[in-house]
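Structure first, commentary second.
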Amino acid sequence: MSVDLERDGPVALITVNRPEALNAFDTAHLEALLARLREAGAGEGVRAIVITGAGERAFIAGADIKEMQGKTPLAAKGFAELGQAVCAAIEGAPQPAIAAINGFALGGGCEVALACDIRLASDRAQLGQPEVGLGILPGWGGTQRLPRLVGAGRAKEIIFTGRRVGAEEALRIGLVNAVHPAGDLLPRARELAAGIAAQGPLAVRHAKLAIGQAFGETGGGFAQEAQLFALLFGTADQREGMGAFVERRQPRFTGA
Ligand code: DAK
């Protein structure tokens, strides 16, 4: 149970290591990921960062629903800010970040992948934003970054239904850059990272900045998303949605 940081020359590999919960983010793992990202970003000679999940089933299955279940709107806001800080650290890192999506990338896990510069998926990967089924909305930038990547119509369909998107579809709609057999995923991600690391580091850093500016990676939409997210933590639907997950049953939403 940890978030590991490993150096291979100019490439930093960060692994979210909580496979018993499909690498879901509780506060401790989110804080650890933020620390590892800052360490990697500031690391002497680090030219590219790869992020992946431990085990064979999941990249990150989202925020820890069991921990989130009882949060008040105020506590939810703090949790949102921590998740947003993680995504901002990825986007703000001087080096490109590559998500190596080796399984489920759901909710906050999908949002971490969306904040990366490049996404590689294994043929077993499944991505999605299932939050509405829990009575909440994607709160770590999913409402902002997913539409930019796949277009508003597709993003709305994915977010409103909460359905999972398999690797091939994700490739077709531009949600991931490439799909590899599961066993090849990490070597291919490292190879891609090494290829980037061989380029002019200042040039790559500035290209990342310029592309980020063009697509307006910060702005009012993110603040509004966090506020709307927190509001939903005052609803019966949020309690019902998360309670149903924990009790392994279908939710009965009332719109209250
Ligand atoms: N949280 C906590 N535990 C989780 C989890 C999660 N997200 N996902 C899986 N687990 C745990 C399961 O509870 C189970 O634990 P035990 O019961 O064995 O102790 C273990 O991992 C294995 O999972 P399953 O037994 O469920 O495995 P299955 O193969 O049957 O199903 C699954 C795999 C990925 C389809 C299923 O586990 C699943 O649906 N998981 C939940 C996925 C999900 O809904 N993710 C989105 C979470 S919501 C915020 C903004 C954003 C967010 C939070 C805050 N703010 C603005 C405040 C983000 C929200 C989310 O990410």
Side-chain angles (χ1 to χ4, degrees), residues 1 16-31 33-34 53-90 99 101-115 121-122 124-146 158-167 220-235 237-251 253:
M1 206 176 124
V16 179
N17 193 347
R18 194 191 177 203
E20 69 282 5
L22 303 183
N23 303 320
F25 282 139
D26 55 10
T27 302
H29 282 80
L30 262 184
E31 282 172 346
L33 176 59
L34 185 57
E56 295 184 347
R57 297 201 59 213
F59 174 67
I60 298 158
D64 187 317
I65 299 168
K66 294 167 191 169
E67 184 189 292
M68 251 189 327
Q69 193 184 9
K71 284 197 191 299
T72 61
L74 212 60
K77 190 160 175 289
F79 194 59
E81 284 163 359
L82 184 56
Q84 290 190 346
V86 164
C87 293
I90 295 171
I101 305 169
N102 53 317
F104 293 115
L106 301 175
C110 188
E111 289 169 300
V112 163
L114 290 171
S122 92
R124 297 189 204 140
Q126 293 198 45
L127 298 89
Q129 300 288 165
E131 284 90 341
V132 293
L134 297 165
I136 57 171
L137 58 80
W140 292 340
T143 66
Q144 309 297 300
R145 294 189 183 97
L146 186 61
I158 291 167
I159 291 172
F160 295 169
T161 63
R163 76 177 174 89
R164 299 207 283 263
V165 178
F222 286 88
Q224 170 136 38
E225 184 191 73
Q227 270 177 15
L228 293 171
F229 185 98
L231 267 182
L232 288 171
F233 272 77
T235 66
D237 278 355
Q238 175 266 330
R239 289 188 290 281
E240 169 61 15
M242 293 193 182
F245 174 81
V246 172
E247 292 157 23
R248 294 183 178 265
R249 60 172 175 80
Q250 287 299 312
F253 292 119

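Whatever order the structure lists them in is the order used to number ligands and atoms, beginning at 1. Just so you know, these numbers come straight off a predicted model, no measurement behind them. Hydrogens, waters and symmetry mates play no part in the numbers below; they use all other heavy atoms, side chains included.
- Enumerated by chain and number, the residues approaching ligand 1 to less than 4.0 Å through a heavy atom are Glu20, Ala21, Leu22, Ala24, Arg57, Ala61, Gly62, Ala63, Asp64, Ile65, Lys66, Met68, Ala76, Phe79, Ala80, Phe104, Leu106, Gly107, Gly108, Pro130, Glu131, Leu134, Gly139, Trp140, Arg164, Phe229, Phe245, Arg248.
- Partners of Glu247 under the salt bridge (charged side-chain N to carboxylate O under 4.0 Å, His left out) rule, at least two apart in sequence or in another chain, are Arg249.
- A 6.0 Å sphere centred on CG of Leu228 holds more than 12 heavy atoms belonging to other residues, nucleotides or ligands.
- Residues passing the ring pair (Phe, Tyr, Trp, His ring centres under 6.0 Å) test with Phe104: none are found, sequence neighbours excluded.
- For CD of Glu20, the number of neighbouring non-hydrogen atoms (other residues, nucleotides, ligands) closer than 6.0 Å is greater than 12.
- When the side chain to side chain donor-acceptor pair (under 3.5 Å) test is applied to Thr27, the partners found at least two apart in sequence or on another chain are Glu67.
- Atom CG of Leu106 and atom CD of Gln126 lie 7.5 Å apart (nearest 0.5 Å).
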